[in-house]
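Only one structure is covered here, and it is reproduced in the block below.
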Amino acid sequence: MNIYEFLPIRLLVEAAYTVVTGISDILEPLAGCFSAALAVIVLTVLVRAVLIPVGVSQVKAGITRKRLAPKISELQKKYKKQPELMQQKLTELYKKENASPFAGCLPLLAQMPVLMAVYGLFINATIDGHVNELLGHTLFGLPLGTSFVKLLGAGDLTGTAITVYLILVVLIAVVAGFSRHLLTPATPETPTAPPAKNGADAPAMPDLSGVMKTLSFMPFLTAIFALFVPLAAALYLATTTTWTLGERLVLNKLLGANEPRSEATTPVSG
C-alpha cells in the first residue's frame, strides 16, 4: 500500500502542494526558475515559526535539567547500591519539577509530518488527480524530485550536482557541529534499574543521558539522509537544521539558559 494514499497523509500532501505552488507562483516573477526551491524554503520557515512555542518549551526543559543536575548527582551517589530506589527517587524528582525527559524530541516529532509531505510532493506524479507541476521545477538545472543517490546510480552526476549536494551536506554537518558543541547540555547518566523482584509496577526513569546523546547526533544523520531524499526535501532539511541552531541561540539568550545557576544544592529527601 502506498502510504500517500492514506487519507490524513494524502490531505497533508495536498495542503502542502497548495501552499508550495501558491508561494512559487508569487515568487516566480522575481525568482524565475528558482521559485519552487525558494517556496520550499519559505514553507520551512513558516512551519518553524509556528513551532517556536515548542522550541521555547524545549529550552525551558534544558534549563530545568541543568538546574536539577546537582540533585540528580546527589541521588546517584546516595542510592548507588540501591538502583531500584534510585529510579524511584529520580522519577519523583522529575515529577515534582514537572520536567519531561522527552522534551528534546518534540521539535523533531512535530516536523515529521511536514517532511513527509515535502517528500511526497516530489515523488508523486499526480497530486489530487492532477499532474504534479512541481516535478518540472529545478535548482541549477537539477530536478527538485531527484536525489544524489539516484543521480549516482544512473551515472548522471555532474559537477553542478556534486557542488549543490556538497554545499547542502556541508552546511548541515557544520551547523550540526555547532549545535552539538554549543547547545547540547551535559546530562547526568541514569543507571537502569533491574526488574523489580516483588513484581510491583515501580515507575522506571528513562535514561536522559542516552536520549540527549542520541538527539545530539541526529543532525549528523540528517546530513547523510539528505543524500537519499529528493533535492526539495534536502533543502527542507538544510533550512530547518539551520533554523534550529539560530532559534536555540536566540532563545538561550532570551531565557537565560547559558547563565550560571548559583543554586544551593539542598539535600534531597530520602
Side-chain angles (χ1 to χ4, degrees), residues 2-51 110-173 175 219 222-244 246:
N2 183 358
I3 190 173
Y4 288 101
E5 294 177 357
F6 184 49
L7 182 60
I9 297 178
R10 179 164 59 84
L11 293 177
L12 183 63
V13 171
E14 291 173 2
Y17 181 79
T18 301
V19 173
V20 172
T21 52
I23 297 175
S24 178
D25 290 342
I26 294 173
L27 295 176
E28 189 168 8
L30 297 174
C33 62
F34 298 106
S35 61
L38 288 176
V40 172
I41 295 175
V42 172
L43 172 66
T44 308
V45 171
L46 292 176
V47 170
R48 292 310 307 266
V50 171
L51 293 178
Q111 290 183 76
M112 287 305 294
V114 182
L115 177 59
M116 182 179 294
V118 173
Y119 184 88
L121 287 179
F122 293 91
I123 64 171
N124 291 305
T126 60
I127 302 288
D128 194 22
H130 303 288
V131 175
N132 186 352
E133 298 177 358
L134 292 175
L135 295 180
H137 288 268
T138 61
L139 176 64
F140 297 111
L142 299 174
L144 291 178
T146 192
S147 69
F148 180 87
V149 171
K150 185 182 294 185
L151 291 173
L152 180 63
D156 293 334
L157 270 182
T158 63
T160 301
I162 293 174
T163 302
V164 169
Y165 278 98
L166 182 63
I167 291 173
L168 289 175
V169 170
V170 169
L171 173 62
I172 294 173
V175 171
T222 300
I224 299 174
F225 186 59
L227 297 173
F228 291 83
V229 298
L231 178 55
L235 286 173
Y236 175 91
L237 292 173
T239 305
T240 193
T241 303
T242 305
W243 175 286
T244 297

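Taken to the nearest 0.5 Å, the CG atom of Asp156 stands 11.0 Å off from the NZ atom of Lys150. Between atom CD1 of residue Ile3 and atom CD1 of residue Ile9 there is a gap of 4.0 Å, rounded to the nearest 0.5 Å. Distance check: Trp243 CH2 to Tyr236 OH gives 11.5 Å after rounding to the nearest 0.5 Å. Put simply, CG on Leu237 and CD1 on Ile224 are 12.5 Å apart, with the number rounded to the nearest 0.5 Å. Put simply, CG on Leu46 and CD1 on Ile23 are 5.5 Å apart, with the number rounded to the nearest 0.5 Å. How far CD of Glu28 is from OG1 of Thr21: 11.5 Å, rounded to the nearest 0.5 Å.
Shown here are the ring pair (Phe, Tyr, Trp, His ring centres under 6.0 Å) partners of Phe140, two or more places apart in sequence or in another chain: Phe34. Not counting sequence neighbours, the partners of Ser35 by the side-chain hydrogen bond (donor to acceptor under 3.5 Å, both in side chains) test are Ser24. Every residue two or more places apart in sequence or in another chain was checked for a ring pair (Phe, Tyr, Trp, His ring centres under 6.0 Å) with Tyr17, and none qualifies. Phe148 pairs by the ring pair (Phe, Tyr, Trp, His ring centres under 6.0 Å) definition with Tyr165, not counting sequence neighbours.
In this structure the side chain of Leu235 reaches within 4.5 angstrom of the side chain of Leu139, judged on heavy atoms. Between Thr222 and Thr240 there is no side-chain heavy-atom pair separated by less than 4.5 Å. Residues Leu168 and Leu231 meet the side-chain proximity criterion, which asks for heavy atoms closer than 4.5 Å.
The shortest non-hydrogen separation linking Ile172 to Ala226 is CD1-CB, 4.0 Å. For the residue pair Val13 and Ala117, the shortest heavy atom distance occurs at CG2-CA, 4.0 Å.
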Side-chain donor-acceptor pairs of residues 37-45 under 3.5 Å, sequence neighbours excluded:
| residue | atom | partner | partner atom | Å |
| --- | --- | --- | --- | --- |
| Thr44 | OG1 | Val40 | O | 2.8 |

**OP:** For side chain to side chain contact (heavy atoms under 4.5 Å, CB included), just list the numbers for Asp128 and Thr18, CA-CA rounded to whole Å, side-chain angles, deciding distance to a tenth of an Å, and then say yes or no.
**Re:** CA-CA 10 Å; Asp128 194 22; Thr18 301; over 6 Å; no
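The list of salt bridge (charged side-chain N to carboxylate O under 4.0 Å, His left out) pairs with a residue in residues 9-27, not counting sequence neighbours, reads Arg10-Glu14.
Tyr4 places no side-chain N or O within donor-acceptor distance of the main-chain N or O of Ile127, the cut-off being under 3.5 Å. When atom types are taken as modelled, the side chain of Thr158 and the backbone of Ala161 share a donor-acceptor pair closer than 3.5 angstrom.
When each of Leu144, Leu121, Asn124 is tested with Leu134 by the rule side chain to side chain contact (heavy atoms under 4.5 Å, CB included), just one qualifies, namely Leu121.
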